[in-house]
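Here is the structure we will look at, set down as structure tokens.
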Amino acid sequence: MSTPSAEVVFGGTFDPVHEGHLTITRALVCQLGVLVRMLPAYLPGHRGACDVSPEHRLAMLELATKDMSHVVIDRFEYEAGRSVPTIEVLQHLRQARSPRTPIFFVLGEDALADLPNWVDSEHLLGLAHFLVVPRAGLSGQAGGSVARYPQLQKIEDNMIPSGGIYRLEFDAIDVSATRVRAQLSNHEPVRDLPFEVQAYISQHKLYQGDEAGRP
Ligand code: ATP
């Protein structure tokens with residue numbers, strides 16, 4: 001019996017979506033040949049309220065991915081209209097798929113370091129694999145942690161559905177949404193935004209406030 005095709009979930013606040021996110025997504029599609037399910041958070045789970053509405057963040061994500069044929073945007077949190085813990089997202093996905101479907105939850109190494117603070121984090125690996133991506137510019141405990149995990153080069157036919165931690169090998173871009181928001185707020189040039197997103201931000205005058213760079 002062959003393994004049902006894998007689900008690859010890439011969640012984030014995408015406030016705003018930037019080239020760091022898109023580079024990861026392209027690497028997932030090109031290297032693994034998978035469909036990537038991008039899952040925008042309705043509200044930021046780990047920091048204060050976003051300055052920009054959930055609808056604006058979603059619109060920017062839609063613009064940035066509109067020509068990416070192997071990307072779907074999963075509006076699960078938007079339909080719920082609330083912040084949904086990752087454990088709940090994965091439970092929902094697991095119920096909707098065959099128990100044999102491998103599910104990969106993609107996260108940056110900074111997010112991996114923060115995992116103990118997530119709701120029911122000890123149960124996440126029971127539902128999915130983690131696929132960790134390196135993050136440029138990290139130091140200390142959060143940085144350099146990815147190398148210890150085996151590289152995921154292809155999704156094997158007999159792959160188990162969950163429980164592993166893998167890394168994706170690719171050249172990470174040193175960009176964060178926090179830095180992008182701060183640059184926009186200070187009216188500095190921003191390099192790492194897709195053109196359509198930059199245009200949308202200008203059109204709607206987003207991230208102009210003093211609070212825009214707040215971590
Ligand atoms: P913020 O600075 O507001 O925290 P962010 O740039 O980290 O935002 P998120 O939307 O929070 O963006 O990130 C979603 C996921 O993408 C997280 O797992 C994060 O670690 C990862 N990620 C974001 N940017 C990069 C990057 N440049 N390289 C590698 N991983 C990244």
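Read the numbers this way: they start at 1 and go in the same order the structure lists the ligands and their atoms. A quick note: this is a predicted structure, and the numbers were derived from the prediction, not measured.
Judged as a salt bridge (charged side-chain N to carboxylate O under 4.0 Å, His left out), the pairs with a partner in residues 16-32 (not counting sequence neighbours) are, in order, Glu19-Arg26.
Checked by distance only, ligand 1 and Asp15 stay at 3.5 Å or farther apart across all their nitrogen or oxygen atoms. Between Ala177 and ligand 1, at least one N/O pair is under 3.5 Å apart. Any N or O atom pair closer than 3.5 Å counts here, and Asp174 shares no such pair with ligand 1. Residue-to-ligand polar distances keep Glu109 apart from ligand 1: every N/O pair is separated by 3.5 Å or more. Remark: ligand 1 and Ile24 share no N or O pair separated by less than 3.5 Å (distance only, no angle test). Looking at ligand 1, you'll find an N or O of Ile173 within less than 3.5 Å of one of its N or O atoms. For ligand 1, the polar-atom distance check finds no N/O of Ala136 at less than 3.5 Å from any of the ligand's N/O atoms.
Each of Leu168, Leu32, Ile165 was scored for a side-chain contact (heavy atoms from CB on, under 4.5 Å) with Leu152, with one residue passing: Leu32.
The part of Val133 lying near ligand 1 is the side chain, judged by heavy-atom distances below 4.0 Å.
Under 4.0 Å is where a charged nitrogen must lie from a carboxylate oxygen, and between Glu7 and Arg94 no such pair does. Salt bridge present: Glu62 and Arg75 bring a charged side-chain N and a carboxylate O closer than 4.0 Å. The residues Glu109 and Arg167 are annotated as not salt-bridged, no charged nitrogen and carboxylate oxygen being separated by less than 4.0 angstrom. Between Arg135 and Asp174, none of the side-chain N atoms (NZ, or NE/NH1/NH2) sits under 4.0 Å from a carboxylate O, so this pair counts as no salt bridge.
Every residue meeting the side-chain hydrogen bond (donor to acceptor under 3.5 Å, both in side chains) condition with Asp74, not counting sequence neighbours, appears here in chain and number order: Arg37.
Counting the atoms of ligand 1 from 1 in the order shown, those under 4.0 Å from a heavy atom of Phe10 are 15 (C), 16 (O). Which parts of ligand 1 touch Phe14 is read off a 4.0 Å heavy-atom cut-off, strictly below it: atoms 10 (O). Taking every heavy atom of Leu107 and a limit of under 4.0 angstrom, the matching atoms of ligand 1 come to 18 (O). In summary, the atoms of ligand 1 found under 4.0 Å from a heavy atom of Asp110, numbered by their order in the structure, are 19 (C), 20 (O). Close approach of ligand 1 to Pro134 is summarised as follows: ligand atoms under 4.0 Å from at least one heavy atom of the residue are 28 (N), 29 (C). Close contacts between ligand 1 and Gly11 involve ligand atoms 14 (C), 15 (C) [criterion: under 4.0 Å to a heavy atom]. Ligand-side atoms of ligand 1 in range of Gly20: 27 (N), range being under 4.0 angstrom from any heavy atom.
Using the six-membered ring where Trp is involved, His18 and His21 have ring planes that are parallel, under 30° apart on the 30 and 60° scheme.
The option from His18, His21, Arg181 that lies nearest to atom 13 (O) of ligand 1, judged by heavy atoms, is His21. The option with the heavy atom closest to atom 17 (C) of ligand 1, from among Ala41, Gly12, Gly108, is Gly108.
The two residues Pro102 and Ile160 come nearest to each other via the heavy atoms CB-O, 3.8 Å. Contact record, Ile155 with Val34: CD1-CG1, 3.5 Å, taken as the closest heavy-atom pair.
For the pair Tyr42/Ser83, no side-chain contact is recorded, criterion being any heavy-atom separation below 4.5 Å from C-beta on.
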